[in-house]
Undergrad: 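The structure's right below; bear with me while I get my questions together.
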Amino acid sequence: MIRLINPNQPYAWGSVTAIPGLLGMPVTSQPVAESWMGAHPSAPSRVATGDGEVGLDALIADDADVVLGADVVARFGPALPYLLKLLAAEGPLSLQVHPQLEQARKGHAAEEAAGVPVDAPHRNYRDTNHKPELVFALTPFEAICGFRAPRRAAEILAGLDAPLAQRLYRVLAADPTSEGIRAVFTQLLEPAARPTPAEVLEVAQACAARLADGSTSPRADRIVISLAEAYPGDPGVVTSLLLNPVTLQPGDAMFIPAGGVHAYLRGFAVEVMASSDNVLRAGLTPKHIDVEELLRSIDYVAAPPIRIAPEVLHGSTRVFYAPVDDFELSVTEIADDARHPVPGRGPRILLCLEGELDFSWGGDDGPATLTLRRGQSAFAPASDGPLTVRGNGTVVQADVP
């Protein structure tokens with residue numbers, strides 16, 4: 001196991017206290033939105049070696065078969081297939097979707113051929129990978145995710161005294177299917193049809209009026225009001241009425257598939273995802289927006305949020321099995337002096353959330369140990385083999401199924 005030094009991302013929607021508080025960093029006026037643990041080339045973790053610090057991506061490239069294991073290299077190539085993050089949202093993230101694998105490959109190739117710099121603000125595809133992700137809540141975590149049933153979306157729109165809401169209601173009432181949802185969503189976002197800021201404001205005002213009168217859809221109305229305060233006039237405010245609201249309590253997990261439209265609203269969580277930085281945005285952000293590319297990428301079929309129930313192993317570990325091959329997430333909690341196995345295999349990243357934990361493994365030169373305290377993280381190469389842990393605390397682990 002090797003300790004990690006991880007890059008943090010100061011996005012404007014981040015919290016100034018959540019990640020610094022966990023990692024033991026000084027709190028400043030600058031928000032810390034994410035902390036990345038992985039080997040994505042845009043912001044890899046670093047490890048200390050006898051020759052100084054090197055990127056985890058470089059360490060892996062130097063001997064991928066040993067570090068990742070032959071099976072992982074055969075399936076994913078000589079690269080770590082997942083990325084682990086801390087995410088702390090004080091305000092809403094963008095309305096977004098992550099592309100499917102084939103779309104990411106084609107989009108990346110097209111932008112490369114066009115000579116778009118990989119770090120250009122208007123770049124859509126910074127790599128060739130898809131980006132399904134799993135969110136594990138550390139605090140109450142609010143999001144909107146996936147489309148509501150069309151008839152339910154129509155009911156919510158029908159009760160709003162605003163011309164835009166009534167216009168959208170008529171479209172859905174005439175075609176309460178995924179095609180009706182597609183038509184309404186496209187009208188809200190496509191440049192040629194998108195509503196004016198004044199029309200968006202009217203919907204937000206109608207939601208506030210309905211809420212004051214005893215709304216039958218109070219959660220939907222509160223989300224619109226909140227988004228309108230953060231992004232006044234943005235059509236993404238109104239799209240929230242079409243999406244499922246979801247609240248994760250601490251310890252809950254949710255899976256977001258590639259193609260699933262979503263926006264995180266508030267909360268502190270651990271995320272694990274395929275190793276990608278591909279995000280297609282359509283609103284609720286000052287960053288680059290590519291509505292046409294996003295509309296091509298979305299799955300419009302109504303579906304509730306995908307909550308992942310854990311399986312309990314060895315009495316101390318909950319494993320969240322996502323329906324993808326790139327990653328799985330486990331959470332181990334112990335409070336005794338016994339040694340416990342840490343399930344999983346292959347290359348792993350471990351993050352201590354609470355307490356102090358001693359990890360042991362075989363190692364090439366005999367048994368070895370490493371202690372992780374709250375906020376510390378480490379990378380365990382495949383060559384370490386099985387891990388055990390002892391102490392008092394909680395650790396989350398990302399690994400390859």
Undergrad: Within a strict 4.5 Å, meaning less than it, do heavy atoms of the Leu164 and Glu202 side chains meet?
TA: no

Undergrad: First locate atom OG of Ser178, then atom CZ of Phe185, and finally report the distance between them rounded to the nearest 0.5 Å.
TA: 13.5 Å

Undergrad: Is the CG atom of Asp161 crowded by more than 12 outside heavy atoms at less than 6.0 Å?
TA: no

Undergrad: Taking the side chain as C-beta and beyond, is there a heavy-atom pair between Val279 and His98 under 4.5 Å?
TA: yes

Undergrad: Is any side-chain heavy atom of Asp252 closer than 4.5 Å to one of Val135?
TA: no

Undergrad: Between Arg148 and Leu243 (side chain of the first, backbone of the second, donor and acceptor by atom type, cut-off under 3.5 Å), is there such a pair?
TA: yes

Undergrad: What I'd like to find out is whether the side chain of Arg3 reaches to under 4.5 Å of the side chain of Gln376, using heavy atoms alone.
TA: yes

Undergrad: So, for Ser316 and His340, which heavy atoms are closest and what is the spacing to 0.1 Å?
TA: OG-ND1, 3.5 Å

Undergrad: Quick one, Tyr125 with Gln103, criterion side chain to side chain donor-acceptor pair (under 3.5 Å). Give me CA distance, side-chain angles, the key distance, then yes/no.
TA: CA-CA 9 Å; Tyr125 299 97; Gln103 182 182 350; 2.8 Å; yes

Undergrad: Quick check: closest heavy atoms across Arg307 and Leu248, and the distance to 0.1 Å?
TA: NH1-CD2, 3.5 Å

Undergrad: Strictly distance-based, threshold 3.5 Å: is any side-chain N or O of Tyr82 a donor or acceptor partner for the main-chain N or O of Ala398?
TA: yes

Undergrad: So with a 6.0 Å cut-off around CZ of Phe268, is the heavy-atom count from everything else above 12?
TA: yes

Undergrad: So, does His288 use its side chain to make a donor-acceptor pair with the main chain of His122 at under 3.5 Å?
TA: yes

Undergrad: Any non-hydrogen side-chain atom of Trp13 less than 4.5 Å from a side-chain atom of Thr285?
TA: no

Undergrad: Is any side-chain heavy atom of Leu59 closer than 4.5 Å to a side-chain heavy atom of Ile2?
TA: yes

Undergrad: To the nearest 0.5 Å, what is the distance between CG (Asp326) and CZ (Phe76)?
TA: 4.5 Å

Undergrad: Please determine whether a side-chain nitrogen of the Lys or Arg among Glu111 and Arg126 lies less than 4.0 Å from a carboxylate oxygen of the Asp or Glu.
TA: no

Undergrad: Where is the tightest heavy-atom contact between Ala382 and Gly69, given as atom of each residue plus distance?
TA: CB-N, 3.7 Å

Undergrad: Tell me the closest heavy-atom pair linking Phe327 and Glu133, and the distance in Å.
TA: CZ-CA, 4.0 Å

Undergrad: Step by step, work out the side chain to side chain contact (heavy atoms under 4.5 Å, CB included) result for Leu329 and Leu84.
TA: CA-CA 9 Å; Leu329 186 77; Leu84 185 68; 4.0 Å; yes

Undergrad: Shortest non-hydrogen contact from Gly391 to Leu357?
TA: C-CD2, 4.0 Å

Undergrad: Under 3.5 Å, side chain of Arg266 to main-chain N/O of Glu90, donor-acceptor pair present?
TA: yes

Undergrad: Testing the 3.5 Å rule here: is there a donor-acceptor pair between the side chains of Glu179 and Tyr300?
TA: no

Undergrad: Does Arg123 come within less than 4.0 Å of Glu112, counting only side-chain N to carboxylate O?
TA: yes

Undergrad: Return yes if a side-chain donor-acceptor contact under 3.5 Å exists between His40 and Asp127, otherwise no.
TA: yes

Undergrad: Can you tell me how far apart CD (Glu34) and CG (Leu87) are? Round to the nearest 0.5 Å.
TA: 5.0 Å

Undergrad: Any salt bridge (Lys or Arg N to Asp or Glu O under 4.0 Å) involving residues 55-68? Give me the pairs, sequence neighbours left out, ordered by first then second residue.
TA: none

Undergrad: Passes side chain to side chain donor-acceptor pair (under 3.5 Å), Arg152 versus Ser217? Steps please.
TA: CA-CA 10 Å; Arg152 175 57 184 149; Ser217 304; 3.1 Å; yes

Undergrad: When rounded to the nearest 0.5 angstrom, what is the spacing between CG in Asp290 and CZ in Arg296?
TA: 8.5 Å

Undergrad: Between Glu199 and Arg167, which heavy-atom pair has the shortest distance, and what is it?
TA: OE2-NH2, 3.5 Å

Undergrad: Are Val400 and Pro347 close enough that some pair of their side-chain heavy atoms sits under 4.5 Å apart?
TA: yes

Undergrad: Answer yes or no: is there a donor N or O on one side and an acceptor on the other, between the side chain of Arg194 and the main chain of Leu188, under 3.5 Å?
TA: no

Undergrad: Could you tell me whether Arg318 and Glu311 make a salt bridge, using a distance below 4.0 angstrom between a side-chain N and a carboxylate O?
TA: no

Undergrad: Could you check if a side-chain atom of Leu101 sits within less than 4.5 angstrom of a side-chain atom of Asn129, using non-hydrogen atoms only?
TA: yes

Undergrad: Are Arg219 and Thr247 linked by a side-chain donor-acceptor pair shorter than 3.5 Å?
TA: yes

Undergrad: Test side chain to side chain contact (heavy atoms under 4.5 Å, CB included) on Asp384 and Phe379 and set out the steps.
TA: CA-CA 10 Å; Asp384 281 354; Phe379 175 73; over 6 Å; no

Undergrad: Apply side chain to side chain contact (heavy atoms under 4.5 Å, CB included) to the pair Ile256 and Tyr264, showing each step before the final yes or no.
TA: CA-CA 11 Å; Ile256 309 289; Tyr264 299 148; 3.5 Å; yes

Undergrad: Before you tell me yes or no, could you show the steps for Val203 and Leu241 under side chain to side chain contact (heavy atoms under 4.5 Å, CB included), namely the whole-Å CA-CA distance, both residues' side-chain angles and the distance that decides it to 0.1 Å?
TA: CA-CA 10 Å; Val203 173; Leu241 295 169; 4.1 Å; yes

Undergrad: Atom CG of Leu4 and atom CZ of Arg46: how far apart are they, to the nearest 0.5 Å?
TA: 11.5 Å

Undergrad: Is there a donor-acceptor contact under 3.5 Å from the side chain of Asn244 to the main chain of Gly146?
TA: yes

Undergrad: Within this structure, what is the CZ-CG distance for the pair Phe147 and Asp299, rounded to the nearest 0.5 Å?
TA: 8.5 Å

Undergrad: Salt bridge check, Glu142 against Arg222: does any charged N sit closer than 4.0 Å to a carboxylate O?
TA: no

Undergrad: Within the distance-only criterion (no hydrogens, no angle test), does the side chain of Ser94 pair as donor or acceptor with the backbone N or O of Gln96 below 3.5 angstrom?
TA: no

Undergrad: In this structure, are over 12 heavy atoms from other groups packed under 6.0 Å from Glu292 atom CD?
TA: no

Undergrad: Please set out all donor-acceptor pairs under 3.5 angstrom arising from side-chain atoms of residues 16-28, sequence neighbours excluded.
TA:
unit_1 : atom_1 : unit_2 : atom_2 : d
Thr17  : OG1    : Ser15  : OG     : 3.4
Thr28  : OG1    : Gln30  : N      : 3.1

Undergrad: Treating Ser226 as the side-chain partner and Ile223 as the backbone partner, does any N or O pair qualify as donor plus acceptor under 3.5 Å?
TA: no

Undergrad: For Lys106, does the NZ atom sit with more than 12 other heavy atoms under 6.0 Å from it, leaving out its own atoms?
TA: no

Undergrad: Within a 6.0 Å radius of atom CZ on Arg75, are there more than 12 heavy atoms belonging to other residues, nucleotides or ligands?
TA: yes

Undergrad: Under a 3.5 Å distance rule, please check whether Arg345 uses its side chain to pair with a backbone N or O of Pro401 as donor and acceptor.
TA: yes

